[in-house]
Amino acid sequence: MADVQLTNGFCARLNNSENEEDELYNSQPVIQFLSFKRVPPSGGASTVDRYRVIVSDGEHFQQSMLATQLNHLVEEEQVLKHSIAVIEKFTCNLVQGKKLLIILAMRVLKKEAEKIGNPTPLQLRGSSSGPSVEMQAQTPAVQSPAPSTFMNTPNVTNTTAPPAQPARQQTQAGRGGRHAIYPIESLSPYQNHWTIKARVTAKSDIRTWSNQRGEGKLFNVTLMDESGEIRATAFNAAVDEFYDRLQEGKVYLISKAKVNLAKKKFSNLNNEYELTLERSTEVEECPDATDVPTVKFTFVDIAGLQELPKDAICDVIGIVKEVGELSTITSKATNKEIPKRDLTVVDKSRFSVRVTLWGKQAEQYNATDQPVVAFKGAKVGDFQGRSLSVMSSSSIFINPDIPEAHLLRGWYDSIGAEQTYQSHTNTMPSGGGVNFDRAEIRSLHDVKTSDMGLSDRVDTFCSRATIMHIRNENIAYPACPTQGCGKKVLLMGDSWRCEKCDKSYPKPEYRYMISMAVADYSGQAWFSGFNDVGKAIFDISADELMDIKERDDTKFNQMLERAIGSTYNFACRARQDNFNDQTRVRYGISRILPLDYREEASYLANLLLRSEWSR
DNA sequence: CCCCCCCC
């Protein structure tokens, strides 16, 4: 390869230019990498490790950060110490008075090279002889305050420096021209003068709120480019400004929006930040943009929904077999009436699922001819086994022009229309349809002192509790051995009769009917459970346990003893029971899960991380 | 500044 020239003077220009020069920022300097250091997110905004690097222009060296989309170059060893690269896109942050080069895009010109020249640290204009911009490998002596931990602060002692200002502010505003397009992935609160070119992939209804802090209205859009996605929100006056202008599917140049930390627990998008559209935000449509990707789907088939946890976000494509009427429900939380419409959607997996549309999407849905429909970002629910809810951040595509849709259309029109489809109602474990959600674990004391299960409601809750006692009478009952029946059978002469099946059998199949006392830190309660619960506790069938009971009562009692002291996660249903003029609430187990300590620990670790984020 | 996605 021909020798490459470093862009001498680049570091000096970057650091010494009083007014920012657009030519500098539009240039593509050639530099040499002197070192790479992987730095952790250090408890602030980011969750991704970054690379702190030193670059040289042959004369001076300069501390820099790689934008995370370039991490892979280091990790795949496409760039090494002393590699020479052209920086195709960069920006600059002022961190505690020091310029920090942010490399947004680069191309390696020469991967293996010798160190060129003897670069020295820059002597900064106006700075005392003290700290240089030389980056120390050790932990910074001065940590910048919370949000600035976006990157590790270099080792500087000048703590009286003015707050960080975007480096490019002056000229960009002055010129009034368009800036370079920045990838969404590179947006951060430390860099104000960007423009993104992004497609609106989802747009919510206008929503109003009213709480102790005030009231107002807002809407959200999801913006996407090739680098990633970000959510943008407009409030009040900005709603009037942008609600009609921003249309789903279209591409816009957007600048001068505010970049805030996203609160992770409220967002499914893979972005640390979100945008607030203000009245001064600039939005310009790009009518013919073809360089911004359209929505990409990762479809899961409808049968596969049972593998996903409740609240998972997924993409589904299917045929709308049935369209429900537009109806309204009254939200328990807000007492508001909310329009809704249920669709029954089927696919080649021969499963059907109920998909609920809300608000405007429910009102505006009008396709009655069994179209192909694709959902991006639908939420998995557990109603009747599995259900889907279309969120305001989801998008609906009727007859999208994608291969999956054409295949599905052809299949449905030829054979699919005549098939039968299975619902998830009977396919989920333990039937009852209550899933265990550790975020919803309630203490037994809390459960018993709440109004759960009262006034003929069936309420569900989760509990993590330890078995204290298992009642040994009626631990199992003789049941009909026919698959899926499970009704109690009666001994008639020498055979067992099932009323439901209208059949007699030589032998019953015993099924568990467990009643047990459980306790957690707050108190104790009686839980009851059926066959799955007994099998989970004893690890043998009820037939086998009854056999032991008959032959060896001591061993049977030992087996009961052995189950004491085990802790499980339970999903339960609380239901009122009227018995001898007495009202009490009974707790039925719909799922029982052994503790997985690795998972529990990882859950707790994530909780800590989340509370860190939402501070 | 919202953070709800509801109901059965």
### Message
From CZ of F383(A) over to P of dC8(B), roughly how many Å is that when rounded to an integer?
### Response
9 Å

### Lys/Arg N to Asp/Glu carboxylate O, D342(A) vs K340(A), below 4.0 Å
yes

### Message
Measure CZ/R354(A) against P/dC7(B) and give the value in whole Å, please.
### Response
11 Å

#### Entry: R207(A) vs dC3(B): side-chain N/O to OP1/OP2 distance below 4.0 Å
yes

### Task
Using only heavy-atom distances, decide whether a donor-acceptor pair under 3.5 angstrom links the side-chain of T330(A) to the base of dC7(B).
no

### Task
Using the ring of Y243(A) (Phe, Tyr or Trp, six-membered ring only), decide whether K203(A) places NZ or CZ under 6.0 Å from its centre and within 45 degrees of its axis.
yes

### Task
In plain terms, say whether K217(A) and D240(A) are close enough for a salt bridge, that is, a side-chain N and a carboxylate O under 4.0 Å apart.
yes

### Query
Under 5.5 Å between ring centres and under 30° between planes: does that hold for F235(A) against the base of dC1(B)?
yes

### Query
Stacking check: are the rings of W209(A) and dC4(B) less than 5.5 Å apart at their centres and under 30 degrees in tilt?
no

### Query
Of all the choices, dC4(B), dC1(B), dC7(B), which nucleotide is nearest to the side chain of S392(A) once you look at every atom?
dC4(B)

### Task
Compare side-chain N and O positions of N211(A) against OP1 and OP2 of dC2(B) and report whether any pair is under 4.0 Å apart.
yes

### Query
Starting at CG of L388(A) and ending at P of dC7(B), how long is that distance when rounded to a whole Å?
17 Å

### Query
For R231(A), which contact category applies under a 4.0 Å heavy-atom criterion: base, sugar-phosphate, or nothing?
base

### Task
Look at the side-chain N and O atoms of K332(A) and state whether any lies under 4.0 Å from the OP1 or OP2 oxygen of dC5(B).
no

#### Entry: N or O in side chain of S389(A) less than 4.0 angstrom from dC6(B) OP1/OP2
yes

### Task
Ignoring the backbone of T276(A), work out which of dC1(B), dC6(B), dC3(B) is nearest its side chain.
dC1(B)

### Task
Write down the distance between CG (N335(A)) and C1' (dC4(B)), rounded to a whole number of angstrom.
14 Å

#### Entry: Parallel, tilted or perpendicular, as decided by the 30° and 60° cut-offs, for the rings of F297(A) and F299(A)
parallel

### Task
Using a cut-off of strictly less than 4.0 Å, decide whether R213(A) has a side-chain nitrogen or oxygen near OP1 or OP2 of dC2(B).
yes

### Query
For the base of dC2(B), is there a side-chain donor-acceptor partner from E215(A) under 3.5 Å away?
no

### Message
Under 4.0 Å, counting only non-hydrogen atoms across every strand here, what does Q212(A) touch: a base, just sugar-phosphate, or nothing?
### Response
nothing

### Message
From CD of Q384(A) over to C1' of dC7(B), roughly how many Å is that when rounded to an integer?
### Response
12 Å

### With D315(A), the salt bridge (charged side-chain N to carboxylate O under 4.0 Å, His left out) member among K376(A), K296(A), K379(A)
K376(A)

#### Entry: Test: R464(A) and E600(A) ion pair at under 4.0 Å
yes

## Note on the structure
Taken to the nearest whole Å, CG/L277(A) to P/dC1(B) is 14 Å

### Message
In this structure, how many angstroms lie between the P atom of dC8(B) and the NE2 atom of H424(A), rounded?
### Response
22 Å

### Message
I'd like to know if E337(A) reaches the base of dC6(B) with its side chain, counting only an N/O donor and acceptor under 3.5 Å.
### Response
no

### Task
Starting at atom NZ of K379(A), determine the distance to atom P of dC7(B), rounded to an integer number of angstrom.
11 Å

### Task
Determine the contact category for T356(A): base if any of its heavy atoms lies under 4.0 Å from a base atom, sugar-phosphate if only primed atoms, P, OP1 or OP2 are that close, otherwise nothing.
base

